[in-house]
Amino acid sequence: MTDYNEAFKDIPGTVVFDATQSRLGFHLNQFCMSLMKAANRAEFKADEAAYLKKFPMSEGQRQAVLARDYNRMLALGGNIYFLAKIGATDGHSFQLLASKMSSVSEEAYRAMMIAGGRSVEGNRSKSEGK
Amino acid sequence: MTDYNEAFKDIPGTVVFDATQSRLGFHLNQFCMSLMKAANRAEFKADEAAYLKKFPMSEGQRQAVLARDYNRMLALGGNIYFLAKIGATDGHSFQLLASKMSSVSEEAYRAMMIAGGRSVEGNRSKSEGK
Amino acid sequence: MARIIAGVATSHVPAIGVALDQGRTQEPYWQPLFAGYEFSKRWIAEQKPDVVILVYNDHASAFSLELIPTFAIGCAESFAPADEGWGPRQVPVVEGHPELAWHIAQSTILDEFDMTIVNRMDVDHGLTVPLSLMFGQPDRWPCKIIPLAVNVVQYPPPTGNRCWNLGRAIRKAVESFDPDLKVMIWGTGGMSHQLQGPRAGLINREFDTAFLDGLTRDPLALTRIPHVDYVREAGSEGIELVMWLIMRGALAADAKEIYRFYHVPASNTAVGHIILENP
Amino acid sequence: MARIIAGVATSHVPAIGVALDQGRTQEPYWQPLFAGYEFSKRWIAEQKPDVVILVYNDHASAFSLELIPTFAIGCAESFAPADEGWGPRQVPVVEGHPELAWHIAQSTILDEFDMTIVNRMDVDHGLTVPLSLMFGQPDRWPCKIIPLAVNVVQYPPPTGNRCWNLGRAIRKAVESFDPDLKVMIWGTGGMSHQLQGPRAGLINREFDTAFLDGLTRDPLALTRIPHVDYVREAGSEGIELVMWLIMRGALAADAKEIYRFYHVPASNTAVGHIILENP
Ligand SMILES: [Fe+3]
Ligand SMILES: [Fe+3]
């Protein structure tokens with residue numbers, strides 16, 4: 001079972017949402033769920049910092065949300081399907097989020113996808129990537 | 001599978017809470033769940049008929065609740081653990097409910113229990129009971 | 001390595017909680033019942049478990065008909081006593097063991113049990129009455145508790161065989177958890193009782209005794225009892241006994257009975273209680 | 001007797017729903033994708049299924065981290081489209097088939113699958129996008145739908161083998177349902193895609209093609225793919241492919257591939273689609 005969890009850690013650029021991440025990100029993800037209601041989205045947009053205070057998450061998690069630093073949010077226990085609700089609230093496409101997380105422009109990301117997407121070659125294993 | 005469900009029907013004086021009962025009693029049981037909140041209990045007690053109108057149950061179910069006819073509520077899809085919340089709201093013990101359902105006085109019921117409970121002899125099967 | 005040191009089974013009648021909470025344990029009606037747990041309270045004070053995996057069923061408290069999990073494991077930090085219609089019991093909040101609970105969830109899912117993971121849940125008398133019976137009335141429960149809620153309200157409940165196998169999978173999960181913890185598993189509910197309809201008040205001492213005997217003598221035979229036999233022989237709420245098989249399945253084949261108690265009635269119910277120690 | 005006439009698998013990318021709902025299906029970016037479903041729309045209009053068992057995953061819409069069922073079967077009369085953060089999709093309400101859904105729930109639980117029964121649930125793009133792809137934009141969906149939500153968000157998801165066996169149990173359940181219904185089962189999600197982190201945008205045409213081939217050639221081999229291989233080869237969200245194995249497990253061993261479509265990209269995703277008919 002330790003083996004089960006460890007195996008994923010060899011995969012580059014990927015956070016697997018296991019028990020550790022889920023426990024770490026519980027309140028961050030609950031905040032994201034709250035954005036499924038239009039009234040909450042409006043309240044969040046009106047004063048993001050104040051809204052975030054309503055959820056017992058860490059200061060680091062709050063900062064990551066304010067900065068829309070999705071990779072940081074992932075590292076701090078956010079799950080992408082929950083985090084996507086922040087993107088939706090911002091009116092951002094999933095492609096824009098994906099381009100941010102992979103540190104390229106949205107155009108470059110779109111072009112990569114149209115050209116067939118990111119290749120798995122060199123992306124299977126951390127050792128292979130080096 | 002039909003056999004699975006049919007087998008229970010041979011047991012006298014017993015309603016098994018299967019899919020059929022669950023579908024029939026959904027809103028009746030949801031009404032009962034609402035009584036888990038003190039504010040709702042108060043509202044129900046203040047005007048029972050008006051409170052029951054808030055739930056899309058059948059008129060027969062509403063009448064059975066108003067009459068505290070537990071056997072009728074069971075027949076109409078109520079589940080005893082849900083119905084017990086009506087008893088709790090009334091401040092009635094489970095033994096009082098049980099005595100009502102088995103049509104004896106609470107004292108007689110209590111005495112039966114102290115004497116070892118209702119015997120299974122003659123109560124296993126509808127055919128045996130006759 | 002964590003290990004399961006013992007299994008405990010006990011009925012979880014709500015009226016027992018009321019009697020305790022209202023200080024009526026010495027009344028003639030209740031005194032024999034609580035006397036039956038005196039040994040157990042001393043025993044568990046000596047055993048000092050770190051964690052109890054507490055198998056119980058929710059009685060339309062946390063789960064309505066909107067959502068009915070067959071097996072739900074509580075992975076939260078804590079669980080509050082539920083308001084079952086007369087206000088929550090004034091007992092301590094239940095502290096969970098998220099690390100072990102998540103470990104069991106993961107291990108059993110990979111062993112192909114289709115668990116529901118729960119991170120917010122109130123716990124009703126099914127869970128808190130056994131705690132009161134075994135631990136009395138402390139300010140704080142003396143160990144961590146992992147709630148494992150089993151559906152026995154909506155038909156069909158899991159089969160006895162499935163419960164047994166879940167117990168086995170739980171044992172495997174516990175034994176693959178690194179920290180050196182003393183773990184107990186409790187099965188609650190039962191024994192014979194019927195709370196509904198004209199047959200309410202049914203008690204079957206013979207069935208109950210055979211079931212208690214079977215737990216040590218031939219537990220596998222118990223796993224083959226069909227649901228209809230529980231209802232017929234042990235009353236409609238006697239079906240709760242399938243939960244005892246999860247407890248038993250988690251113990252060694254040669255677990256030893258060290259204590260047994262049987263009493264009729266507590267309110268509508270035959271109270272059964274057994275302690276089995278792993279070798 | 002009810003019978004499963006065919007299985008359909010398709011990706012369920014949210015952007016496809018947006019393109020449809022905004023009338024952008026003829027744009028150069030989207031046209032090839034929707035063209036790939038033209039055959040399927042004609043085919044299903046001829047097939048006229050009475051019920052579709054729609055295997056999908058909820059994307060943090062109906063289920064938060066408070067409660068995570070491994071397998072949840074929707075037994076309600078109807079299911080409303082969820083608000084996923086930009087308002088609910090303007091598509092018809094999904095009408096359920098409570099009789100068959102409850103029958104499947106009961107049958108699979110007695111076959112020792114630990115189902116969660118759900119009677120109130122909103123359904124997100126995972127369920128509604130496949131409906132749009134197969135049925136277009138009618139005022140009312142032309143058949144009843146039984147949602148079967150599978151956890152693939154919180155690790156661990158069910159194993160491929162477990163999904164396959166659930167499919168088999170569903171087939172047995174359907175075939176023991178008396179009314180003479182034409183039932184389809186759909187598996188949705190996939191194919192290769194990764195929505196998160198620096199590796200976002202991963203696509204693996206080779207893996208996807210082998211998976212599509214395997215569905216007819218050697219589906220049992222697919223059931224042995226470990227989770228880590230899905231994530232490594234098909235991206236973190238490629239794990240959704242385990243749901244296709246429920247679909248495949250519900251079909252006959254010699255089910256025949258009658259249509260296949262593969263297209264990259266739809267937003268971040270490789271869209272795969274296959275139709276398998278039972279003999
Ligand atoms: Fe109980
Ligand atoms: Fe998806």
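Numbered from 1 within each chain, the chains take letters A, B, ... in sequence-line order.
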Asks: Is there a side-chain contact between B:N29 and C:S64 in this structure, where contact means two heavy atoms from C-beta onward sitting under 4.5 Å apart?
Replies: no

Asks: Applying ring-ring contact (aromatic ring centres under 6.0 Å, His included), name anything that partners C:Y259, two or more places apart in sequence or on another chain.
Replies: C:F39, C:H273

Asks: Considering only heavy atoms from C-beta outward, does the side chain of B:F26 approach that of C:E66 to under 4.5 Å?
Replies: yes

Asks: Ignoring hydrogens, what is the shortest heavy-atom contact between B:S119 and C:L202? Give both atom names and the distance.
Replies: O-CD1, 3.8 Å

Asks: Within a strict 4.5 Å, meaning less than it, do heavy atoms of the C:D83 and B:K37 side chains meet?
Replies: no

Asks: Quick check on B:F8 against chain C: is it the side chain, the backbone, both or neither that has a heavy atom closer than 4.5 Å?
Replies: both

Asks: For C:N268, does its backbone N or O pair with a side-chain atom of B:Y109 as donor and acceptor, under 3.5 Å?
Replies: no

Asks: Take atom CZ of B:R23 as the centre, draw a 6.0 Å sphere, and report whether it contains more than 12 heavy atoms from other residues, nucleotides or ligands.
Replies: yes

Asks: Looking only at heavy atoms, which of residues 224-239 of chain C get nearer than 4.5 Å to chain B?
Replies: C:H227, C:V228, C:V231, C:R232, C:E233, C:S236, C:E237

Asks: Given that the side chain runs from C-beta out, which part of B:R124 has a heavy atom under 4.5 Å from chain C: side chain, backbone, both or neither?
Replies: both

Asks: Taking the six-membered ring for Trp, are C:Y155 and B:Y4 parallel (under 30°), tilted (30 to 60°) or perpendicular (over 60°)?
Replies: tilted

Asks: Holding to side chain to side chain donor-acceptor pair (under 3.5 Å), I want the full list of residues that pass it with C:Y262, two or more places apart in sequence or in another chain.
Replies: C:D208

Asks: Side-chain donor-acceptor pair under 3.5 Å between B:T14 and C:Q196, yes or no?
Replies: no

Asks: Can you check whether B:M36 reaches C:S61 side chain to side chain, under 4.5 Å on heavy atoms?
Replies: yes

Asks: Can you tell which part of C:F207 gets under 4.5 Å to a heavy atom of chain B, answering side chain, backbone, both or neither?
Replies: neither

Asks: Based on non-hydrogen pairs under 4.5 Å, which of B:L83, B:T89, B:D10 is most in contact with chain C?
Replies: B:D10

Asks: Working to the nearest 0.5 Å, report the span between CG of B:L35 and CD of C:E84.
Replies: 13.5 Å

Asks: Quick one: does C:I203's side chain get under 4.5 Å of B:M113's, heavy atoms only?
Replies: yes

Asks: Within the supplied structure, the quantity of interest is the number of heavy atoms (other residues, nucleotides, ligands) at a distance under 6.0 Å from C:E206 CD; does it exceed 12?
Replies: no

Asks: Mark yes when over 12 heavy atoms from residues, nucleotides or ligands other than C:R205 sit less than 6.0 Å from its CZ; otherwise mark no.
Replies: no

Asks: Among the options B:K85, B:K100, B:M101, B:M112, pick out the one with the most heavy-atom pairs lying under 4.5 Å from chain C.
Replies: B:M101

Asks: Does any heavy atom of chain C fall under 4.5 Å from the side chain of B:I114, the backbone, both, or neither of them?
Replies: both

Asks: For C:H193, give me all partners under ring-ring contact (aromatic ring centres under 6.0 Å, His included), at least two apart in sequence or on another chain.
Replies: none

Asks: B:N79 versus C:Q154: any side-chain heavy-atom pair under 4.5 Å?
Replies: no

Asks: Inspect the surroundings of CD in C:Q90 and state if more than 12 heavy atoms from other residues, nucleotides or ligands are less than 6.0 Å away.
Replies: no

Asks: Please state whether the side chain, the backbone, both or neither of B:A19 comes within less than 4.5 Å of a heavy atom of chain C.
Replies: backbone

Asks: For the residue pair B:Y81 and C:D58, establish whether any side-chain heavy-atom pair is separated by less than 4.5 Å.
Replies: no

Asks: Does a sphere of radius 6.0 Å around CZ in C:R217 hold more than 12 heavy atoms from other residues, nucleotides or ligands, not counting ones at 6.0 Å or beyond?
Replies: no

Asks: Taking atom OH of C:Y29 and atom CZ of B:R110, what is their separation to the nearest 0.5 Å?
Replies: 5.5 Å

Asks: So what's closer than 4.5 Å to chain C heavy atoms on B:Q95: side chain, backbone, both or neither?
Replies: both

Asks: Among the options C:L195, C:V264, C:T269, pick out the one with the most heavy-atom pairs lying under 4.5 Å from chain B.
Replies: C:L195

Asks: Check B:S102 against C:P198 and note the closest heavy-atom contact, atom names and distance.
Replies: CB-O, 3.6 Å

